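One structure below.
Small disclaimer: the values here were computed from a predicted structure and weren't measured. The chains referred to below are lettered A, B, ... by the order of the sequence lines, with proteins before strands, and numbering in each begins at 1.
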Amino acid sequence: MHSMQKHGLKADPVTYSQLIKCCIARRAIEQGKLIHKHVYSNGHDPKMFINNVLLNMYVKFNLLDEARILFDNMSERNVVSWTTMVSGYCNCKLYGEALKYLVLMQREGVLPNMYTFSSVLRACDGLETLRQLHCSIIKCGLDSDIFVRSALIDIYSKWGELGNGFRVFCEMVTGDLVVWNSIIGGFAQNGNCDEALDLFKRMKRAGFPANQATLTSVLRACTGLVLLEFGRQVHAHVIKFERDLIINNAILDMYCKCGSLEDAEFAFKRMSERDVISWSTMITGLAQNGRSIEALDMFESMKASGPTPNYITMVGVLFACSHAGLVDDGWCHFQSMKRLYGIDPGREHYGCIVDLLGRAGKLDEAIQFIQEMEDEPDPVIWRTLLGACRVHKNADLATYVAKQILEIEPHDEGTYVLLSNIYANSQRWEDVAGVRKNMSGRGIKKEPGCSWIELNKQVHAFVLGDESHPQIKTIYREMNHLIKRITEVGYTPDMNFVLHDLEGEQKEDSLRCHSEKLAIVLGLISLPKEKPIRIMKNLRICGDCHAFAKLATKTEIRYIVIRDPVRYHHFKDGICSCGDYW
DNA sequence: TTAGGGTTAG
């Protein structure tokens, strides 16, 4: 390039295009601009092809203003020029602009092609636009293009229309790995993890070798189902190949969410590159597993040698503080967020602070904080405070808070259940009856509690008083033996928690039918002593089951991990990682 | 001879 300039030579378009490609690959912005000048140096209008190449260069450098000036000055534009602009705006998430260019190009009589559609679909601002684009795609006969197909599947799943996405997938005649990845990712992201794993099996049967994107989605599905053993297998499979940062982060998250922090820490230490997601995953993972102090230590290391913390990192940090009762630290981090990192606190941060104050019993301060918040309090914030009212047995405040929630969400079953439990704990039986009447009057039913355990790649699920498991007789026999043993070390059934089951019979022995107890006993009789017993729950663990699990680890010398919808309880030697504070 | 799709943390 330099010697050409010295001799005043002009290159042919192919040479220019190759030089520009080099600049893009090396991210050499200044050199690229120099070539641009050189192309225009003799005053003639260059060919459209070379303008398109230059346009693409600016787009790849995210220099949309420069691209736009060039585009506006071009004497001639074709579908490639327009599509380059559309994709540039999409890459910079300027979706409104992308859609505008799609309209403008059609107005100028340029027909969008498969390249244009596969790009612009990401810019959909709602289902209406999506349907219109899908119609245009079909009209133009472009719906069989695999790029368009995967983009369609992806955007349907992002807008919660997985059924339509799946229909697009099923119409596919020739296979394509990315289209498979789109549909597997779609199911995994929408929480249909079983289907995601089924499709993954189908994909393998169809002869497609999984790549990193596939396995990242598969890991996400394992995480969603808390399938530690399956996740471990995926990890073992991934180790054999080159791993990228994204899949490594997914591995970290899988181990954290499956409650195996040792594996997560091991994987984290071995990563050659860590980004803000890796650090945030570990901070949140440690905090959710009851290891808040280590989470905060991790945050300190991140500040010392890692990337700059972001919004999500701070959610993890504040979560750690609230779950460990570290009121001062929490306040300190909350107040310094904006000053140190320019992060404006959002709903999640406010929620953590309400939790922080509420758990610590500072209910008045929590209420005051809510009233002084910039945002209008949402049901999540109020529910957090309601949880604190339960822990600190403040039935009056609970009544007020529940009213706030039910004004916004009159059918929120969790609020009714929590309120009823709070009344029950305060022996206010008339109020309990009132809540129950209110619930049945509105046709609200409590979601049944469900616990499950993964044994030998099989999931065993239980609901309250479940009799359907093939080993149920053995389970109850062992349960009776176990209760005898833990009673000797201080277990007394806590009858307050019988009332958690609003719909069922209040039988004296209904406590021993709680689904997590059944799952624990199955784990005890099925797994070798050295293996941790890992239980998953859809609802929060009740106080009686919590005491039961603690004592069982003492008498049976076992390690039990229970995951509820919010956090993990690691039981060992008769104590729980949550410090009985949840 | 230029333009396009799928994957990670709350």
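When the nucleotides dA3(B), dT8(B), dA9(B) are ranked by their closest atom to the side chain of N249(A), dT8(B) comes out on top. Distances from the side chain of K21(A) to the nucleotides dT7(B), dG4(B), dT2(B) place dT2(B) closest. For M114(A), counting side-chain heavy atoms from C-beta on, the closest listed nucleotide (dA9(B), dG4(B), dA3(B)) is dG4(B). Nearest to the side-chain atoms of V80(A) among the listed nucleotides dT8(B), dG4(B), dA3(B) stands dA3(B). Out of dG5(B), dT7(B), dG10(B), the shortest distance to the side chain of K158(A) is found at dT7(B). The side chain of A250(A) lies closest to dT8(B), out of dA9(B), dG5(B), dT8(B). Relative to the side chain of K60(A), the nucleotides dA3(B), dT1(B), dG5(B) differ in distance, and dA3(B) lies closest. In the set dG5(B), dA9(B), dA3(B), dA9(B) carries the atom at the smallest distance from any side-chain atom of I277(A). Minimum atom distance to the side chain of Y311(A) is reached by dG10(B), of the listed dT8(B), dG4(B), dG10(B). Here the nucleotide nearest the side chain of Q189(A), chosen from dG4(B), dT1(B), dT7(B), is dT7(B).
Annotation for E376(A): atom CD does not count as buried by contact number, only 12 or fewer foreign heavy atoms lying within 6.0 Å. Enclosure of atom CD in E76(A) is not indicated, since only 12 or fewer non-hydrogen atoms of other residues, nucleotides or ligands lie within 6.0 angstrom.
Within the nucleic acid shown, S119(A) comes within 4.0 Å of sugar-phosphate atoms alone, with no base atom in reach, counting heavy atoms only. Residue R149(A) is classed as having no contact, given no heavy-atom separation below 4.0 Å to the nucleic acid. No contact: L252(A) has no heavy atom under 4.0 Å from any strand. Contact annotation for V120(A): no contact, since no heavy-atom pair falls under 4.0 Å across all strands.
We find that CG of N113(A) is positioned 8 Å from C1' of dA3(B), with the value rounded to whole Å. Rounded to an integer number of Å, the gap from M57(A) CE to dT1(B) P is 18 Å. Taking atom CD of residue Q212(A) and atom C1' of nucleotide dT7(B), one finds them 9 Å apart after rounding to whole Å. Counting to the nearest Å, the C1' atom of dA9(B) and the CG atom of N310(A) are 8 Å from each other. Taking atom CD1 on I283(A) and atom P on dA9(B), their separation rounds to 15 Å, with Å as the unit. Rounded to an integer number of Å, the gap from N56(A) CG to dA3(B) C1' is 7 Å. F169(A) has its CZ atom 15 Å from the C1' atom of dG5(B), to the nearest Å. Rounded to whole Å, atom P of dG10(B) lies 17 Å from atom CZ of F299(A).
Between W82(A) and E108(A) the shortest side-chain heavy-atom distance falls below 4.5 Å. Proximity of D72(A) to I69(A): side-chain heavy atoms (C-beta onward) are nowhere separated by under 4.5 Å.
Scanning atom types as modelled, one donor and one acceptor separated by under 3.5 angstrom connect the side chain of S118(A) and the base of dG4(B). Checked by distance alone, S150(A) brings a side-chain donor or acceptor within 3.5 Å of a matching partner on the base of dG5(B). Put simply, the side chain of D145(A) and the base of dG4(B) share a donor and an acceptor less than 3.5 Å apart.
Not one side-chain nitrogen or oxygen of R122(A) sits closer than 4.0 Å to the OP1 or OP2 atom of dG4(B). Look at K257(A) and you won't find any side-chain N or O under 4.0 angstrom from OP1 or OP2 of dT8(B). Within the 4.0 Å cut-off from OP1 or OP2 of dT7(B), not a single side-chain nitrogen or oxygen of R220(A) is found.
Judged purely by atom type and a 3.5 angstrom limit, R274(A) uses its side chain to pair as donor or acceptor with the backbone of K269(A).
A centroid separation of 6.0 Å or more is found between the aromatic rings of Y95(A) and Y89(A). Between F187(A) and F200(A), the ring center distance fails the sub-6.0 Å criterion.
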